[in-house]
Amino acid sequence: MPAMPFTQTIAGTRYVFDDLRTLLARATPFRSGDALAGVAATSAAERVAAQRALADLPLARFLTDAVIPYEADEVTRLIIDRHDAGAFAPVRSLTVGAFRDWLLAAAPEAVTALAHGLTPEMVAAVSKIMRVADLMQVAAKCRVVTRFRNTIGLPGTLSIRLQPNHPTDDPRGVAAAVLDGLLLGAGDAVIGVNPATDNVEAVMRLLDMLDTVRERFDIPTQTCVLSHVTTTMLAMQRGAPVDLVFQSIGGTQGVNESFGVTLALLREAREAALVLKRGTLGDNVMYFETGQGSALSAEAHHGVDQQTIEARAYAVAREFSPLLVNSVVGFIGPEYLFDGKQILRAGLEDHFCGKLLGLPMGVDVCYTNHAEADQDDMDALLACLAVAGVTYVMGVPGADDVMLAYQSTSFHDGLTARAMLGKRAAPEFEAWLARMGIGNDAERIPARLSPALIGLE
Amino acid sequence: MTTPALWRDLRRFTDARVGLGRAGTAQPTVAHLDFQEAHARARDAVWSALDVAALEASIARPVLRVRSAAADRREYLLRPDLGRRLAEGSTLPAAPGCIALVVADGLCATGVQRHAPGVLDLLVPALPLPAAPIVVAEQARVALGDDIGAAMGAAAVVVLIGERPGLSATDSLGLYITWAPRRGRTDAERNCISNVRPGGMSYADAAAKTAWLLRAAAALGATGVALKDEMPATALPAP
């Protein structure tokens, strides 16, 4: 059945948008990835025409008009099959424009309760007619709390993933970066290493090392080696101490296939991690990373704009009750997000969409050296995210990831964001920092964190 | 060595920016300016060009030259699709059953210029199948190797490519291995070795691991997530 086109006239010019995915794409604030895909609006006027047409669209339309056909894509099937009509009831009769107003006026409890009644496309649509301040304000209303060995996402907290990467996975190099991060208050979200290779033996060595560090220092947190899910499953079969199962995911079946995963495989991996029963406070055992542009990069975007597809990835994530989800917003490069301005908006969109859909959403505030961005851009994004209540950000020694060759937030940046906004670490971790005497001395390592305990001699 | 007691002592275990100290919650001035300098150098490296004549001279084997469909650096950065396709009118000789070797500039020519010849010297004799003539490709993405491998009818392609420059290293080389190359292969169908440079993976380790993966790929008939890197650490030759 051919879809009815959408039309909008502004200043005497009539704009026609053939279908819902085209309307969404044309309404999207400009970014290089949508231009690369050939779906961006070709003028500022066309964009605002699309935004006006989108604002008039009933939210319920997204339940009957899929941007990628139900039959063709398992992510669409997941979105439709899991939709909670009861949770949707308070906003069922609203248009996208009225939904924006509703979100801005609503109480935090009402916004939080909507999560499973919303689809990624609804959330992406409303974000497209929001300013940055709107995205921040509404995201700050969402409450999402997850647990494994500590409690993440409580109001007034800002957690940090300690990312101690090393170019050759050298255990002592990784351990030194872990200790450095702990001394700067990082690590309550997770101590998570990106391995330099997907070699299962190397991954198991890192898992053992991280688990040893956690036990020696008795840290109330979780560890993770961010290898491919199939490698982590192999490590679990061989008895490795796996707290969290990591995987990069995307918003279409095709992009997930390009990552070598399916929903069934993710289900299997989660079951395997649950059986280990390593969480002491909760059983959120999954950790996902996402990022705008991955679907186009894998040529699996179906003519849908990159931000809408990113939001669809969050439907995949929430199916598995993750402990942590973050967009790696500036990692993908300038062909998708060209400069600091595009990265800033995308980071806040991703955080907003993830939170509204009920995810413990963090953001890797980051950029690569071929993007038109620098530390000032990252400072601005981090500050905006912290105000918006971001669940966690990354902590990398000196903001320089020596393995992945990109810049993320430093341990110092995390401390600064907490200090400026009065945010605190996860409560169990904060108590541990105090117990260990961390933060009292800017030169000496406290005796309880002796490097000798973790093999640094 | 004694047990470190001072925070800055952690620096001896890693090149990461550990033990910087702090000024309030921020980085001290010296650390801040060190970072700014490194970023400036990396930004300049992105725009560095491959010196093909010098590269040919140091490879000491017959070399074929191709370009991607991206006309210049700016188009290359904004149009990765063009960087994955051979320029119109490119011709390459057939090399059926061989392993195609592609030396590509990627996001930073510096690492390729410095390290590709050294890796090739060790890799070519270790290949499980004959080597096709080496192809040097400009304005190239990893997937340009699929076009090149398919045009040559090669059994597999190894792309030696400049990695995106980081702050600590602006000369990293990556190797991407793809069995039965053809346009449309996804990244899940490749195996990757990264960070080949002084201070990262050695030429010898990179060549040995590539050869191991190619032998395993030949047995399996595939690369990518189906091919697990289970090469034992002890199989690496001594450095």
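Quick note on labels: first sequence line is chain A, next is B, and so on, each numbered from 1.
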Examine whether an atom of [X] lies under 4.5 Å from a heavy atom of chain B, and if so say whether it belongs to the side chain, the backbone or both; otherwise answer neither.
{"X": "A/Leu404", "answer": "backbone"}
{"X": "A/Met420", "answer": "neither"}
{"X": "A/Leu36", "answer": "side chain"}

Within the 4.5 Å heavy-atom criterion, are [X] and [Y] side-chain neighbours or not?
{"X": "A/Pro164", "Y": "B/Val18", "answer": "no"}
{"X": "B/Lys228", "Y": "A/Val200", "answer": "no"}
{"X": "A/Glu335", "Y": "B/Asp81", "answer": "no"}

Please name the pair of heavy atoms, one in [X] and one in [Y], separated by the smallest distance, quoted to 0.1 Å.
{"X": "B/Asp15", "Y": "A/Val402", "result": "O-CG1, 4.1 Å"}
{"X": "B/Leu6", "Y": "A/Ile445", "result": "O-CD1, 3.6 Å"}
{"X": "B/Arg17", "Y": "A/Asp180", "result": "O-OD2, 4.2 Å"}
{"X": "B/Phe13", "Y": "A/Asp170", "result": "O-OD2, 4.1 Å"}
{"X": "A/Ala442", "Y": "B/Trp7", "result": "O-CE3, 3.2 Å"}
{"X": "A/Ala176", "Y": "B/Thr14", "result": "CB-CG2, 4.1 Å"}

Item to check | is_close_aromatic(B/His39, A/Tyr367), centroid dist under 6.0 Å | outcome: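 When the ring centroids of B/His39 and A/Tyr367 are compared, they turn out to be within the sub-6.0 Å range.
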
Next on the checklist: Test your reading of the model: is there a side-chain donor-acceptor pair from B/Asn195 to the backbone of A/Thr168, 3.5 Å cut-off?
Outcome noted: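 No, B/Asn195 side chain to A/Thr168 backbone: no donor-acceptor pair under 3.5 Å.
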
Checklist entry - Where the side chain of B/Arg43 meets the backbone of A/Asn369, is there a donor-acceptor pair that is under 3.5 Å apart? => result yes

Next on the checklist: For a side-chain contact (heavy atoms from CB on, under 4.5 Å) check, start with the C-alpha distance between B/Leu167 and A/Gln407, then their side-chain angles and the critical distance, and finish with the verdict.
Outcome noted: CA-CA 8 Å; B/Leu167 296 198; A/Gln407 287 84 251; 3.4 Å; yes

Next on the checklist: Please classify the contact between B/Arg11 and chain A as side chain, backbone, both or neither, with a heavy-atom cut-off of under 4.5 Å.
Outcome noted: neither

Next on the checklist: Can you see whether A/Phe331 has B/Arg164 sitting over its ring - NZ or CZ less than 6.0 Å from the centre and within 45° of the normal?
Outcome noted: yes

Item to check | Rounded distance (nearest 0.5 Å) linking atom CG of B/Leu77 with atom OG of A/Ser32 | outcome: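 The distance works out to 10.5 Å.
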
Next on the checklist: Could you check whether atom CD of B/Glu75 has more than 12 heavy atoms from other residues, nucleotides or ligands sitting under 6.0 Å from it?
Outcome noted: yes

